[in-house]
Amino acid sequence: METAGTTSAPLATIASLAQHDGQTVTLRGWLYNLRSSGKLLFPTFRDGTGTIQGIVPKAAVPEALFNTLKELQLESSLMVTGKVRADARAPSGFELDVESLEVISAVSADQPFPITLKEHGVDFLMEHRHLWVRTPRQSAILRVRATIMRAAAEYFDTNGFIRTDPPILTPNACEGTSELFEMDYFDNDKAYLTQSGQLYIEATALALGKVYSFGPTFRAEKSKTRRHLTEFWMIEPEIAFAGLDDLLELAENFLSHIVARVLESHRGDLTVIGRDATKLEAIKAPFPRISYDEAHAMLEDAFSKGLIETQHKAGDDFGSPDETYISSQFDRPVMVHRYPAAIKAFYMQPDPADPTRALCVDVLAPEGYGEIIGGSQRVDSYDLLKRRIEEHNLPLAAFEWYLDLRRYGSVPHAGFGMGIERVVAWICGLDHVRETIPFARTLNRIYP
RNA sequence: UCCUGAGUAGCUCAAUGGCAGAGCAUUCGGCUGUUAACCGAAGGGUUGUAGGUUCGAGUCCUACCUCAGGAGCCA
C-alpha cells in the first residue's frame with residue numbers, strides 16, 4: 001500500500017457528493033481516467049455510484065501525491081480525500097480538489113486495464129465481461145436491472161401475491177416443446193433445468209390464491225439473436241379465480257408500475273445509458289388491446305402497402321418482423337390476445353366464443369423489442385386437459401399430478417411469465433439482451 | 001439446423017495481387033482547465049488454421065475453426 005498524504009475525512013459516495021459541497025470527504029474507489037495538462041492532473045474516480053473528476057495542481061499539493069497519481073494506471077483501487085467544490089465545467093456539477101491519496105492496489109503498466117475508453121468489439125467485451133461491468137454504462141444498466149427486479153417483486157408483494165418458487169430441477173419438460181438442459185440425477189434418473197415454473201405455480205395458486213415465482217429459467221434452444229439467452233430470469237404470477245381479462249389488467253398495471261419506479265430513481269442512469277426517458281413516460285395503463293385477428297389484418301394492410309416484406313399467413317404465429325411492425329404502431333406495449341389454439345400450448349383455455357381461439361395474450365414491447373410477456377387462462381376441465389395432453393403426445397403419467405389440480409377443486413385460473421432481460425433491454429433501449437444481465441449465457445459463450 | 005457477414009499490433013480498424021499501416025493503449029518528452037484532452041518520439045506483427053493458384057497472397061480458390069446477427073423457436 002502506497003500512501004501519499006493522509007486520509008482521515010468522513011467517507012462519502014460519489015452519488016452523494018452534492019450533499020457535501022464545500023466539505024472535505026474521503027472516497028473509496030478506482031481510477032477511471034487520467035488526463036493531464038502540464039502541471040495539472042485531472043483524474044476521474046469511480047466508486048460504483050458514479051464518477052467524479054478530481055483536480056490536482058502540482059503547485060498546490062505535496063510532490064509525492066502528484067507523482068504517485070501521475071504514474072497510476074487506470075482501474076487502480078484507491079482512497080482519495082479532497083474538497084468537494086461545485087463547478088459549472090463539471091458534467092455532474094461537482095469536482096474534487098484532491099488533498100491526499102492512498103493507493104490500495106496499483107495496476108501494473110505491464111498489464112494495463114484492457115478496456116479503454118475507446119470502442120471495443122462485442123467478442124472482446126464479452127470475453128472481458130468481468131471487467132466490462134466496471135464501465136459507467138454497464139454499471140448503470142445493472143442498477144436499472146436491480147430496480148426492475150425489485151419493482152416487479154414489490155408489485156406482487158403489495159398486491160396480495162405470495163411468492164412460491166418452483167423447483168429448478170425438474171423431471172420432465174413442462175411444455176414438451178423447447179430444448180432442455182439435461183443432467184444425471186443420481187443413479188438411474190435424468191433431471192432437467194426448468195424452462196418455466198408455470199405448472200408448479202398453478203398448484204400453489206390453488207393452495208394460496210394469488211402467487212408468483214421469480215427465478216432463473218433455462219432454454220437449450222440454439223437461438224442466436226439479440227433477444228435470446230440460454231439462462232434468463234422470469235417472473236410469473238398465477239391467480240386462482242381469474243380469467244384472461246384479469247390477466248390483461250394485471251399485465252398493464254404491473255408494467256406501468258415497473259416503468260414508473262425506474263423513472264422515479266434512475267434519470268441519471270438512463271442518461272448515461274443514452275435512453276430517451278420521454279419514451280418511457282408514455283408507458284401508463286391502459287395499454288392497447290388487439291385480437292390476433294386484428295393484428296393479422298394490420299399485417300395484411302401493411303403488406304399491401306409494401307411496409308413489410310413478407311406476407312403473414314392467417315393462422316400462423318407471428319414472426320419477429322411481424323411483431324416489430326405491430327408493436328411499432330403503438331407508443332406503449334400492445335397486448336395481442338386470442339391466438340389460434342392450434343399454435344399455442346396445450347394448457348391454454350379455449351375461448352368459449354370461438355373454441356379455435358385460445359384465451360391467451362402476448363405483450364409486445366414498443367420500438368421493436370418484441371414479446372416481453374406471454375400468458376393465458378389455463379384449461380380447468382379435467383377431461384379437456386387430459387385430451388390435450390394425449391393430442392400433444394405427452395406422457396400422461398408425468399402429468400398425473402398436474403391433472404390432480406383439475407380432479408380436486410379446479411377453478412378458472414390464469415397467469416403469465418415475463419422475461420426480465422427483455423424488459424431491461426426495452427426500458428434501457430439496448431440493442432442486445434447480453435448487456436442486461438451480469439454474466440450472459442448464450443449459445444456460443446459460457447465464459448467468464 | 002439454414003442464410004449472411006467478419007477474423008491483420010493488447011484494442012478499434014486501413015492496406016488496386018507488388019516494402020505490414022494509422023488511432024488508442026504502453027514507455028519517454030512537452031503543455032496550468034482537460035472532458036474518449038492534445039502535441040512529439042519509441043517499442044509492439046506466425047495477417048484465425050491447413051492446403052492450393054501465382055514470379056509474388058493480408059488480398060484470389062478450397063476446406064475447417066471462431067465470432068457476429070438474421071431465420072426458425074421462444075420470454
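Proteins get letters first, then strands, A, B, ... in listed order; numbering begins at 1 in each. Quick caveat, the model's predicted, so the values are computed rather than measured.
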With a 4.0 Å heavy-atom cut-off, tell me which residues in residues 123-134 of chain A come close to RNA chain B, sorted by residue number. D123(A), F124(A)

Classify the side chain of R35(A) versus the base of C31(B) as yes if they form a donor-acceptor pair under 3.5 Å and no if they do not. no

Partner of A15(B) by Watson-Crick or G-U wobble geometry, both contacts under 3.5 Å, or none? none

Pairwise P distance, U16(B) and C60(B) [rounded to whole Å]: 10 Å

Taking RNA chain B as the partner, which of residues 426-448 of chain A come within under 4.0 angstrom of it by heavy atom? H432(A), R434(A), N444(A), R445(A)

If the cut-off is 4.0 Å, is Q195(A) near the phosphate of C73(B), judged by side-chain N/O to OP1 or OP2? no

Please confirm whether any donor atom in the side chain of T116(A) sits under 3.5 Å from an acceptor in the base of C11(B), or the reverse. no

Per atom distances to the I55(A) side chain, the nearest of G72(B), G33(B), U26(B) is G33(B)

Side-chain N or O of K224(A) versus OP1/OP2 of G69(B): is the shortest distance under 4.0 Å? no

How close or far is atom P of U27(B) from atom CG of L74(A), stated in whole angstroms? 10 Å

Go ahead and name the base partner of C2(B); Watson-Crick or wobble counts if both distances stay under 3.5 Å, otherwise write none. G70(B)

In the strands shown, is G44(B) matched to any nucleotide by a Watson-Crick or G-U wobble pair with both distances under 3.5 Å, and which? none

Just say parallel, tilted or perpendicular for the rings of W233(A) and F214(A), cut-offs at 30° and 60°. perpendicular

Quick one: are the ring centres of F254(A) and F161(A) less than 6.0 Å apart? no

Using Watson-Crick geometry (N1-N3 plus N6-O4 or O6-N4) or G-U wobble (N1-O2, O6-N3), each under 3.5 Å, G33(B) is paired with none

Got a donor-acceptor pair under 3.5 Å from the side chain of S36(A) to the base of C31(B)? yes

Report which part of the nucleic acid L229(A) touches: base, sugar-phosphate, or nothing (heavy-atom distance under 4.0 Å, all strands). base

Please confirm whether any donor atom in the side chain of Q53(A) sits under 3.5 Å from an acceptor in the base of U34(B), or the reverse. yes

What one should report as the nearest heavy-atom pair of V379(A) and P350(A) is CG2-CD, 4.4 Å

Nearest-Å distance, CG (D316(A)) to C1' (A71(B))? 14 Å

Searching all strands shown, indicate the nucleotide that pairs with U8(B) (Watson-Crick or G-U wobble; both distances under 3.5 Å). none

Kindly say whether, by distance alone, the side chain of H120(A) makes a donor-acceptor pair under 3.5 Å with the base of C11(B)? no

Distance, C1' atom - from U8(B) to U47(B), rounded to whole angstrom: 4 Å

D317(A) CG to A71(B) C1': how many Å, rounded? 14 Å

Counting any heavy atom closer than 4.0 Å, what does E371(A) reach on the DNA or RNA strands: base, sugar-phosphate only, or nothing? sugar-phosphate

Could E421(A) and R145(A) be called an ion pair, given the rule that one side-chain N must be under 4.0 Å from one carboxylate O? yes

Taking the six-membered ring for Trp, are Y292(A) and Y339(A) parallel (under 30°), tilted (30 to 60°) or perpendicular (over 60°)? tilted

For atom CD of E71(A) and atom P of U27(B), their distance in whole Å: 8 Å

May I have the distance from F232(A) (atom CZ) to C74(B) (atom P), rounded to whole angstrom? 12 Å

For Q73(A) versus L31(A), what's the shortest heavy-atom pair and its separation? O-CD2, 3.7 Å

Salt bridge between R338(A) and D293(A), side-chain N to carboxylate O under 4.0 Å? no

Is any side-chain heavy atom of N33(A) less than 4.5 Å from a side-chain heavy atom of T51(A)? no

Can you tell me, in whole Å, how much space there is between the P of C13(B) and that of A6(B)? 13 Å

Can you give me the closest heavy-atom contact between R46(A) and R134(A), atom names plus distance? NH2-CD, 3.1 Å

How many whole angstroms separate atom CG of N33(A) from atom C1' of A36(B)? 7 Å

Please classify the nucleic acid contact of M234(A) as base, sugar-phosphate, or nothing, using heavy-atom distances under 4.0 Å. sugar-phosphate

For residues G197(A) and P166(A), report the shortest heavy-atom separation together with the two atoms involved. CA-CG, 3.5 Å

At 4.0 Å (heavy atoms only), tell me whether A59(A) reaches a base, stays on the sugar-phosphate, or touches nothing. base

Run the numbers on L74(A) and L34(A) for side-chain contact (heavy atoms from CB on, under 4.5 Å), then give the verdict. CA-CA 7 Å; L74(A) 303 191; L34(A) 179 64; 4.2 Å; yes

What contact category does I373(A) fall into here, base, sugar-phosphate, or nothing, at under 4.0 angstrom with non-hydrogen atoms? sugar-phosphate

State which residues pass side-chain hydrogen bond (donor to acceptor under 3.5 Å, both in side chains) with R388(A); sequence neighbours excluded, sorted by chain then number. none

If I take atom NZ in residue K70(A) and atom C1' in nucleotide U27(B), what distance separates them, rounded to the nearest angstrom? 13 Å

Using centres under 5.5 Å plus planes under 30 degrees as the test, is F42(A) stacked with G33(B)? no

